[in-house]
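Data first, discussion second: the structure below is written as structure tokens.
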Amino acid sequence: MQPLIDNARTFGQRPEEFAPLAQGQSPQVLFITCSDSRVVPALITGARPGELFELRTAGNIVPPYASEHPTSEAATIEYAVEVLGVRDIVVCGHSHCGAVGALVRGDDLDAVPAVRDWLHHATPRPAGAAEDPEVAEGVQSHVLAQILRLRSYPFIDKKLAEEQLTLHAWYYEVHTGAVRVHRTESDAFEGL
């Protein structure tokens, strides 16, 4: 913890770099990814403060849209699209994902009921080989399922129909730093 505190102390010693941020934000991209500490969207993309609007959830899960009882995730997505006017949404899964790995393996999560119940939103259950520590196939199929889930949000469907929004499926390899993007032409994840 001490190195984090030391950095926080020196971080605010450059106010001229941060003063423009007080004027507001206008990110072009909503970046939905896992809460995993090895996945750092600004590091992966080179984004500066104000350039990415982030939504981080266990397993980069996008829950079903429900207008009667909206989730904080749905509210974040709606705010990014309707208020901030993002033009792109990236759903980025990653190798060695504990959440997707638990789903692929069918782990018993009764000891962590909140995690178990949250992961129920990840339907359909991701495909993949249970013995693969990277869970590459499982994560990639899961990312595509989250893209389909986003399409079920009415305001996203509308923006897609008006060609005012683009959805992107990414897969990040934590062990190499490589990013792969899903190409619809080949229906495969390929290097950027």
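Side chains are part of it too, since the values below use all heavy atoms of this structure and drop only hydrogens, waters and symmetry mates.
Between the Thr33 side chain and the Cys92 main chain, a donor and an acceptor come within less than 3.5 Å of each other. Using a distance-only test at 3.5 Å, with no hydrogens or angles considered, no donor-acceptor pair links the side chain of Asn7 to the main chain of Phe11.
Side-chain contact between His168 and Trp170: present, with at least one pair of heavy atoms (C-beta onward) separated by less than 4.5 Å. Contact check for Tyr153 versus Ile77: side-chain heavy atoms found under the 4.5 Å cut-off. Between Ile89 and Ile156 there is a side-chain heavy-atom pair separated by less than 4.5 Å.
At a threshold of 4.0 Å, the pair Arg105-Glu131 does not count as salt-bridged, since none of the basic side-chain nitrogens sits closer than that to a carboxylate oxygen. In this structure, Asp110 pairs ionically with Arg116, as a charged nitrogen and a carboxylate oxygen lie closer than 4.0 Å. Comment: Arg183 engages Glu190 in a salt bridge, judged by a side-chain N to carboxylate O separation of less than 4.0 angstrom.
No hydrogens or angles considered: a donor-acceptor pair under 3.5 Å links the side chains of Asp187 and His182.
Grouped with Leu103 in one hydrophobic cluster are Ile61, Leu109, Val112, Val115, Trp118, Leu119, the linkage being side-chain heavy-atom contacts under 4.5 Å among Ile, Leu, Val, Met, Phe, Trp and Tyr residues.
Open room surrounds CD on Glu68; 12 or fewer heavy atoms of other groups in view lie less than 6.0 Å from it.
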Which donor-acceptor pairs under 3.5 Å do the side chains of residues 17-32 make with protein atoms, sequence neighbours left out?
from	atom 1	to	atom 2	distance (Å)
Glu17	OE1	Arg14	NE	3.4
Glu17	OE2	Arg14	NE	2.9
Gln28	NE2	Ser26	O	3.4

